[in-house]
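Below, read A as the first sequence line, B as the second, and so on, with proteins coming before strands; counting in each chain starts at 1.
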Amino acid sequence: MDYKQTVFLPKTEFPMRGGLPKKEPEILERWQKLGLYDQLRKARKNAPKFVLHDGPPYANGQLHIGHALNKILKDVINRSQSMLGKNANYVPGWDCHGLPIEWKIEEQYRKKGKDKDEVPIAEFRQECRDFAAHWLNIQSEEFQRLGILGDWGNPYTTMRYEAESIIAAEMGKFLMNGSLYRGSKPVMWSPVEKTALAEAEVEYSDHKSVTIFARFKVVSCPLQELQGASFVIWTTTPWTMPGNRAMACGAEIPYSALRITETSDSSLAKLGEVICLADELKDRVFDETGIVKADVVTRFTGADIAGSVAHHPMFSQGYDHDVPLFLADYVTTEQGTGFVHIAPGHGPEDYALAHLKHGVEVPDTVGEDGLIAEHLPLFGGMHVLRDNQKIADIMNEYGGLIGIGTLVHSYPHSWRSHAPVIYRNAAQWFVSMGDEHVDGTGLRSVALDALQNTDFYPASGQKRLISMIENRPDWCLSRQRAWGVPIPVFYHKQTGEPLRDQAVVDRIVSAFAEEGCDVWFTSPAARFLGADYNEADYIQVKDIADVWFDSGSTHAFVLETREDLQSPADLYLEGSDQHRGWFHSSLLESCGTRGQAPYKGVLTHGFVLDEQGRKMSKSLGNVVAPQKIIQQNGADILRLWVVSSDYYDDLRIGPEIIKRQTDHYRRIRNTLRYLLGAVNGFDRSTEAVQPAEMPELERWVLHRLAELDQQIRENTCAYDFHGIFTLIHDFCNSDLSAFYFDVRKDCLYCDEQNSLDRRACRTVMDHALQCLISWVAPVLCFTADEAWLAYTGDETDSIHLHTYMDVPDHWRDQLVADRWVKIRSLRSEIMVALEAARNDGTIGGGLSAEVKLTASQDTADLLNGIDLASLLITSAAEIDIGDTANLQISVRRAEGGKCVRCWKVFAYLPAENEQAICSRCETVLIAKSED
RNA sequence: AGGCGCGUAGCUCAGAUGGUUAGAGCGCACGACUGAUAAUCGUGAGGUCGGCAGUUCGACUCUGCCCGUGCCUACCA
C-alpha cells in the first residue's frame, strides 16, 4: 500500500515559482477588469483621507531607476495607508513646461534646417505640448507596469488649460499683495543667440582672454599714506570696465603700497608711482607688468582701507564716477592683485556685493547683441568678445593701465552655439522674500515658521530646507523662454510700476482657462487690459515663469480643485534633490499666498547608485534599467528591493543585490504557498478552534501575529517599510518555516483530520495566511493579489480592497511569549547535539534519533506539558531531573521499527517489518476508512 | 571650496542615553531529508565596526583631523 495517499499533504494551485514577468501583466489586466481603483474609491468614500501629493516628473523620456524608486515608494505608502482603512487616493501628475522640452523641439528644428525665431510662437508651443503629451503617455504605461495604483485615467499636468490659468492666478496673488516686483540681475547671456541661458545650457571650455591691470587712483582713504597712490585690479574681461562701479578687497589680506623704482622698457608702469597690491601677489604682478624694483611705502590689511574711494581708470574721459572699495570674503590671493573690480551688471557676486549689500546702482552698459552701449564714451559700439584688445589699447592710451596680457582659462560657453557667453544685466520679475505682505510678516519668516510645524522623514531634511530658506535671495520668476506659463503682468511705460488690478488678473485667468496661455501671445493686450487702461501706456511682460512656479502651484490646481483630495497634503515625497526644488518652491508659493505649507509631512529618499556605490552613468556602463528588471525578474522584485533598502540614504542596486531580492521573494512566496496548501479546504465555521482550547505552541503563533500586527501598524504610520520587511521576512523564515511549520508537519500530515491539535494548527495557519497576505500586499502587490485569489477563489475580490486583518487583543500573551523564547533557545542547544550525532553517523534524519535530557528542575518545568519529541522532531525524547546546572543531552539511534506512514520509530514495532504501522496512524486509517 | 548626509561581515540591514566574547536574514561551506522538492531542515566559517589621534577606568557608540562617497550650491575677478 502506498501510504503517501493516506497522508494529508499540502495542496495548492499557487505555484512555487512566480513567473512574475508573465504573471504581472495578467494581474494588471485583472485589476482593470475589476475596476480596482474605482472600487477602492467607492469603498473608502467616507473613510478619512490620506493624501500623498505626487511630485510631477518631467515628461521628456523613459523612466530610469530613480523614477521607479520614487513611484514604488509612493505606491507602497498609499497601499499601506489603504490597508489601515484610509482613503488613499493617488493622483499622478506631470511637469510639462520648461527648457529641456524646448531644447528637444529646437533640436528637431535644427535637423530640419528650420529657425526657431521664424516659427510662430503658438506653433512652437504646440509642438512642445505634443512632445510632452507623447512622453507622458509612455511614462504612464511604465509606471502602471510597476503596479502603481492611481487615477491614471485622469492625472494632472501643468500644461492643462485649467492648470495654466491657476498658475497665472497664483502669480496674480503675488502681484496683488505687492511682493512681485520688477528688478534686474545679471544673467548668463549669449550674445550670439541674443538670449539668456540657464545654468544647464552652459558648458565650460578653454577661452583666450585679454587681461588688464588697471589703476584706480585713490581719492580718499583712511590711510593718509595712500594719498596719490593707486589700487590695481586685474581682470580677464576688459569689456566690463565701463560697467565698473566698485572694487573689493579682503579684510585679512596683507597689502603693501609700493613705489616703483625700476621697470623694464616695455612696461606700462611709471617710475615713481605708488601702487597697492596684495603681498602674496606682488612678485607675479611685477613679472607680468615689467616692474623690476619697488620700495615698500607702507603695509596694511584690507580692513585698514575699507571705505576708500578711488577714480575709475577712465576718469575725466566720461567715467567720472567715484569707485568705492568694499570688503568681500570671497577675495583670494590665488591670482590677480588682491583687488577685485566690481561691475554689478556683469557678475552675480558683483551684483550681490555692490547692489544688494551696498546699494550701488546697476548700469546698463551692454546690449542684447553684445555691443557696448553707443552713448558710452570711447567704447560705445564695441563688441564684448571681439574688441577686448582694442578696449585695452584705448585704456592704455589714456593712462589707465599698468599692464596688458592674455590668459587661457576655463570660460562658460553656450551649449548650442559653443560661443562664449557673458553675464549681462537684464530686467527680471521677482517674488520678494522679505517684504511685509502676509499678516505683516515676510515670506521668509512665514516659510520658516511653517517648516517648524512640518514632519520630516528623515528628520535631517528639516534642517536642510530651513538653511536654504534662510539664505536664499528673492525668487527670480522670469525666464527668457517660450515654453511655459507667461508672467501675466503689465507695467507702466513711464513709471515702470506693475499694473495691480484684480479685474485685469481675472480677465487673464479666465482667458487662460478657456484657451490656454497661448492667448497671452496671440491676443491683443487690450483683451486683458479692458476699457480702463490704454494699451499704449503699458508694456506687456513676455517672460515665462520659472517652471518651479508651475510645480510649486500644484497644491492650488490639484489638491484644492479636486473634491477627492485636500490641502495641505499629508505627505510630499521626493528625492533629496527636491529640497532645492519642489519642496522649496511649493513651500514658498503656498506660504506667500496662503500663509502655510502645502504639506504636513515631507519624506525624502536617496539616490540610486550601482553595487559599488558609484553613481550610474552611461560611460561607466553601470546603469540599471527598471524595464530590464521587470522583464527579467518582475516588478515585485523591484518593489521588494525598495523596501529592503534604507531609502532615506542612497540605495544601491546591481546583479547581486537583485539576486538577494529574488531569494527573499522566494522565501516569502514559499511561505505563502505552504500555508495555502496547509489550509486547503479549511472551513472556519466547522474546523476553527478557540485560542483557549489550543496547544500552547499555537497560542504562541497567535501572540506573534498580534505582536507583528502592532509593529506593522506602527511602522506603517512612520513610513518605515524597511522595518516591516525585516519583520515579515524573519517571521516567515525563522518563526514559521524553520520552526512552527517544521514542528507541526507531523500533526498536519499524519494526525487524524479532525483532531483538536490539527484543527488548532489549521486555524492558526489560516489566521497567519490572512495576516501575511495583507501585510505583504502594499509591497508585493502582484503576489499578494495572486495569493489572495488562490485563497478565496473569488475573481471579484482583491486583497487590495481589504485592510490589514483584525487581530484580537487577547491573542497577546506575554507569558507564553517569554516561555517560548526560552524553549526555542533550549531547542537550538539540542539541535547542536543532534547535529554532532548526525556527523558521526549515529543518526540520519531527526526521526531516526531519540533524545534523553538530564536537566534542572527549572528546565523540566519549562518543558512541562510539551511533547518534547515533536518539538525536536525526533522519534522519542525524555527528560530526567538531575542535580546538574548544565543541560546534559544524549542522542542515540531510535530502537525499534519505523512506521511506514508517519516514519517515526517505535520500540514496539518490529524493526524488520517494512509494513508496520504505529498505533496513532492505525487509528487514523480506521477513522478515514469509515468516512 | 561650502552646506547637508553616509561609510558595521560577500549582500541588505539592526545596534536609546558609551560598559560583558558586535547581532539578524540572505549568500557561502558542510551535512540531513526526499511527504513544501528547481523546495525544506540543521550546523558552521565570515567583521582591526572607513583611517588616525584624543576624551574616558572603558568607544562601533563622544570630540578633532583625514580618506572615500552621495545630494545641493559655488567653481569667480
Please tabulate the protein-to-nucleotide N/O contacts below 3.5 Å involving nucleotides 10-17 of chain B, giving atom names and distances.
| from | atom 1 | to | atom 2 | distance (Å) |
| --- | --- | --- | --- | --- |
| B/G10 | O2' | A/Glu656 | OE1 | 3.4 |
| B/C11 | O4' | A/Glu656 | OE2 | 3.1 |
| B/U12 | O2' | A/Ser644 | O | 2.3 |
| B/C13 | OP1 | A/Asp646 | N | 2.6 |
| B/C13 | O2' | A/His722 | NE2 | 3.4 |

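- Annotation: ring-ring contact (aromatic ring centres under 6.0 Å, His included) contacts of A/His67 (sequence neighbours excluded): A/His64.
- Ion pairing of A/Asp663 with A/Lys659 is present here, as a side-chain N (NZ or NE/NH1/NH2) and a carboxylate O approach within less than 4.0 Å.
- Between A/Lys463 and the phosphate of B/G5, there is a side-chain N or O to OP1/OP2 separation shorter than 4.0 Å.
- For A/Arg472 and B/G3, the CZ to P distance is 20 Å, given to the nearest whole Å.
- Here the nucleotide nearest the side chain of A/Tyr423, chosen from B/C26, B/C75, B/A77, is B/C75.
- For A/Phe456, there are no ring-ring contact (aromatic ring centres under 6.0 Å, His included) partners, not counting sequence neighbours.
- With sequence neighbours excluded, the residues that form a side chain to side chain contact (heavy atoms under 4.5 Å, CB included) with A/Leu9 are A/Lys4, A/Val7, A/Tyr749.
- Counting distance only, with no hydrogens placed and no angle test, the side-chain atoms of A/Arg464 and the base atoms of B/C71 include a donor-acceptor pair under 3.5 Å.
- Only the P atoms considered, B/A59 is 24 Å distant from B/A24, to the nearest whole Å.
- Of the side-chain N and O atoms in A/Lys615, none sit less than 4.0 angstrom from OP1 or OP2 of B/G70.
- Residues forming a side chain to side chain contact (heavy atoms under 4.5 Å, CB included) with A/Pro238 (at least two apart in sequence, or on another chain): A/Val210, A/Ile212, A/Asn388, A/Ile391.
- A donor-acceptor contact closer than 3.5 angstrom links the side chains of A/His346 and A/Thr365.
- Every ring-ring contact (aromatic ring centres under 6.0 Å, His included) that A/Phe326 has, sequence neighbours left out, goes to A/His358.
- A straight line from CG of A/Leu281 to P of B/A77 spans 14 Å, rounded to a whole angstrom.
- Counted by atom type alone, A/Gln661 and A/Ser644 present one or more donor-acceptor pairs between their side chains at under 3.5 Å.
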Under 3.5 Å for both distances, Watson-Crick or G-U wobble, that's the pair rule; now give the dot-bracket for RNA chain B, with | marking pairs to another strand and [ ] for crossing ones. (((((((..((((.....[...)))).(((((.......))))).....(((((..]....))))))))))))....
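- Qualifying side-chain hydrogen bond (donor to acceptor under 3.5 Å, both in side chains) partners for A/Arg758, counting only residues two or more places apart in sequence or in other chains: none.
- Side-chain proximity of A/Met16 to B/C4, B/G25, B/A39: nearest is B/A39.
- For A/Arg893, the side-chain hydrogen bond (donor to acceptor under 3.5 Å, both in side chains) criterion is met by no residue, not counting sequence neighbours.
- Listed by chain and number, the residues in a ring-ring contact (aromatic ring centres under 6.0 Å, His included) with A/His605 amount to none (sequence neighbours excluded).
- Per the geometry, CZ belonging to A/Phe216 stands 15 Å off P belonging to B/A77, to the nearest Å.
- Between A/Phe326 atom CZ and B/A77 atom P the separation is 20 Å, expressed in whole Å.
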In B/S/- notation (B base, S sugar-phosphate only, - none; protein heavy atoms under 4.0 Å), nucleotides 42-50 of chain B written 5' to 3' is BS-------
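- Relative to the side chain of A/Asn670, the nucleotides B/A77, B/U37, B/A39 differ in distance, and B/A39 lies closest.
- Ring-to-base geometry places A/Trp903 in a stacked arrangement with B/G35 (centre distance under 5.5 Å, plane angle under 30°).
- Summarising the geometry, the separation between OH on A/Tyr749 and P on B/C33 is reported as 17 Å, rounded to the nearest angstrom.
- A donor and an acceptor atom sit less than 3.5 Å apart, one in the side chain of A/Ser737 and one in the base of B/A36.
- Relative to the side chain of A/Glu349, the nucleotides B/A36, B/G35, B/C76 differ in distance, and B/C76 lies closest.
- Partners of A/Trp189 according to the side-chain hydrogen bond (donor to acceptor under 3.5 Å, both in side chains) rule, which considers only residues two or more places apart in sequence or in another chain, do not exist here.
- The interatomic distance linking A/Leu407 (CG) with B/C76 (C1') rounds to 13 Å, in whole Å.
- If you check B/A39, B/G27, B/A77 against the side chain of A/Asp663, the one that comes closest is B/G27.
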